[in-house]
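Nothing fancy with the numbering, it's 1 onward along the sequence.
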Amino acid sequence: DSVRFTHAYTTSLLSGPAIGSILTGLYPIDHGLHTNGSNDLPSSLETLGEMANDSGYPTLFYSGGAPILRKLNLHQGFETFDDNFSPLLVRPFRPFAKTEALFENWLKDNLHSSFFTFLYVPDLAFTTFQTQNELGENRNLTFESQLEALNQNLGKLIKTLKQQKRWENTLVVLVGLSGPQADSRKAELTNLNLFSERTQVALLMKPPLKPRDQGIHWTYDDNVSVADVGATLAQFLDKPIKNNLQFPTIALNKALQEPSSQGSSKFSSRVILLESAWGAWHELSNIRYAFRQDQFLYLFDEKPRIFNS
């Protein structure tokens with residue numbers, strides 16, 4: 001039921017800046033949020049929450065836990081910004097099951113409302129914290145087990161949208177913020193690793209469809225960025241993004257309409273910018289940058305390196 005973008009990349013290894021890119025359609029060098037706590041998103045920028053609000057949508061943001069808190073200023077434009085979760089050390093996040101239940105309750109109370117909603121689901125970053133299945137049984141403390149839990153709750157949300165006859169006319173985006181904590185790479189710190197195991201993410205988009213239409217199921221193989229998700233949603237709201245000419249983001253709406261659109265854009269060989277400000281955040285190093293162009297990865301270190309992937 002969606003287009004799968006096979007070569008999607010995050011803009012930052014840190015969740016706050018990556019979400020900032022989704023909400024603004026810009027890279028961190030343009031929206032200014034580089035870390036998860038030492039700075040925030042400038043109020044001068046217009047976010048998707050504000051765009052959707054101006055278009056008459058009820059706007060909701062459900063955070064599953066730190067670091068996505070109001071202090072990052074990501075709440076701009078959201079009528080509901082729910083970051084109310086218990087900060088207990090035993091569980092520093094709100095499992096997706098609880099977030100899904102909160103949103104499902106809102107849907108039931110607003111059966112005839114359109115909406116713009118952002119669900120931040122950090123469960124896969126907390127695989128060492130115990131969760132339960134629907135029978136109350138403890139899950140295994142593995143990535144695979146927690147992924148199964150996430151899939152079940154995602155399926156529950158989709159089922160609810162279908163039962164309420166909202167699935168077809170809703171634009172749904174499922175996007176990762178960074179790759180999993182992969183096996184260590186020689187001479188690379190996990191939080192500074194800009195190779196594909198950390199920067200390549202899942203991205204699927206299901207556009208609104210008429211009930212009689214068949215579901216779409218093709219792939220798009222050009223390099224894209226999570227910032228392009230913001231540009232795509234902004235175009236749906238008839239709000240163009242003011243772009244950086246050196247590192248432009250593009251709306252992917254055409255890819256949702258026809259499977260032959262890849263390679264046809266003037267940006268098909270453009271630069272995808274990657275960063276990690278984890279070292280700068282902890283005052284250990286400067287921001288580390290890299291970029292992808294076609295099959296090449298350029299790492300800007302003291303001694304620049306180029307890889308053909």
Original post:
Nearest heavy-atom pair of I216 and P207: which atoms, and what distance?
Top reply: CD1-CD, 3.3 Å

**OP:** May I ask you to say whether K71 pairs ionically with D83, meaning some side-chain N is under 4.0 Å from a carboxylate O?
**Re:** no

Original post:
When rounded to the nearest 0.5 angstrom, what is the spacing between OG in S309 and NE2 in H7?
Top reply: 7.5 Å

**OP:** Applying side-chain hydrogen bond (donor to acceptor under 3.5 Å, both in side chains), name anything that partners T6, two or more places apart in sequence or on another chain.
**Re:** D221

**OP:** Would you please name every residue forming a side-chain hydrogen bond (donor to acceptor under 3.5 Å, both in side chains) with T11, sequence neighbours left out?
**Re:** S21

Original post:
Are more than 12 heavy atoms from other residues, nucleotides or ligands located less than 6.0 Å from atom CG of N286?
Top reply: no

Original post:
Can you name the side-chain hydrogen bond (donor to acceptor under 3.5 Å, both in side chains) partners of H217, sequence neighbours left out?
Top reply: none

**OP:** Side-chain contact test, heavy atoms from C-beta onward, threshold under 4.5 Å: evaluate it for F5 versus T219 and give yes or no.
**Re:** no

Subject >> Ring centers of Y57, F116 separated by less than 6.0 Å >> reply: no

Original post:
Using 30° and 60° as the class limits, which term best fits the ring planes of Y62 and F103: parallel, tilted or perpendicular?
Top reply: tilted

Original post:
Quick check: does any side chain N or O of R270 sit under 3.5 Å from a backbone N or O of F247, one acting as donor and the other as acceptor?
Top reply: no

Original post:
Will you find, in the side chains of S15 and N36, an N or O donor that is under 3.5 Å from an N or O acceptor?
Top reply: no

Original post:
Taking a hydrophobic cluster as the set of Ile, Leu, Val, Met, Phe, Trp and Tyr residues connected by side-chain heavy atoms closer than 4.5 Å, whether directly or through intermediates, do I241 and L45 fall within one such cluster?
Top reply: yes

Original post:
Is a side-chain donor-acceptor pair under 3.5 Å present for N193 with E197?
Top reply: yes

Original post:
Quick one: does L192's side chain get under 4.5 Å of L13's, heavy atoms only?
Top reply: no

Original post:
Does the pair Y120 and L177 meet the rule for a side-chain contact (heavy atoms from CB on, under 4.5 Å), with working shown?
Top reply: CA-CA 10 Å; Y120 170 59; L177 300 178; 3.7 Å; yes

**OP:** Take R288 and E275 through the salt bridge (charged side-chain N to carboxylate O under 4.0 Å, His left out) test and state the conclusion after the steps.
**Re:** CA-CA 6 Å; R288 190 186 193 192; E275 75 166 51; over 6 Å; no

Subject >> Main-chain N/O of T59 paired to E79 side chain as donor or acceptor, under 3.5 Å >> reply: yes

**OP:** Can you sort out the partners of K108 under salt bridge (Lys or Arg N to Asp or Glu O under 4.0 Å), two or more places apart, ordered by chain and number?
**Re:** E104

**OP:** Mark yes or no for whether N153, through its side chain, and F96, through its backbone, hold a donor-acceptor pair below 3.5 Å.
**Re:** no

Subject >> Gap between atom CD of Q152 and atom CD of E100 - 0.5 Å precision >> reply: 12.0 Å

**OP:** Among residues two or more places apart or on two chains, list those pairs meeting ring-ring contact (aromatic ring centres under 6.0 Å, His included) that have a residue in residues 285-309.
**Re:** F195-F307, F291-Y298, F291-F300

Subject >> L299 versus E188, closest heavy-atom pair with distance >> reply: CD1-OE2, 4.5 Å

**OP:** Please report the closest heavy-atom contact between T35 and L72, naming both atoms and the distance.
**Re:** O-CD2, 4.3 Å

Original post:
Which atom pair, heavy atoms only, marks the closest approach of R166 to S113?
Top reply: NH2-O, 2.9 Å

**OP:** Classify the angle between the aromatic ring planes of H282 and W278 as parallel (below 30°), tilted (30 to 60°) or perpendicular (above 60°).
**Re:** tilted

Original post:
N223 side chain to Q293 main-chain N or O, any donor-acceptor pair under 3.5 Å?
Top reply: no

Subject >> Set of side-chain hydrogen bond (donor to acceptor under 3.5 Å, both in side chains) partners for T199, sequence neighbours left out >> reply: none

Original post:
So with a 6.0 Å cut-off around CD of E283, is the heavy-atom count from everything else above 12?
Top reply: no

Original post:
Between H31 and T24, which heavy-atom pair has the shortest distance, and what is it?
Top reply: CD2-OG1, 3.6 Å

Subject >> Ion pair R94/D82, N-O distance below 4.0 Å >> reply: yes

Original post:
What are the two closest heavy atoms between V271 and Y27, and how far apart are they?
Top reply: O-OH, 3.7 Å

**OP:** Report yes or no: is the cationic atom of K206 (NZ for Lys, CZ for Arg) under 6.0 Å from the centre of the six-membered ring of W167, at an angle within 45° of the ring normal?
**Re:** yes

**OP:** Using only heavy-atom distances, determine whether the side chains of T232 and D228 contain a donor-acceptor pair under 3.5 Å.
**Re:** no

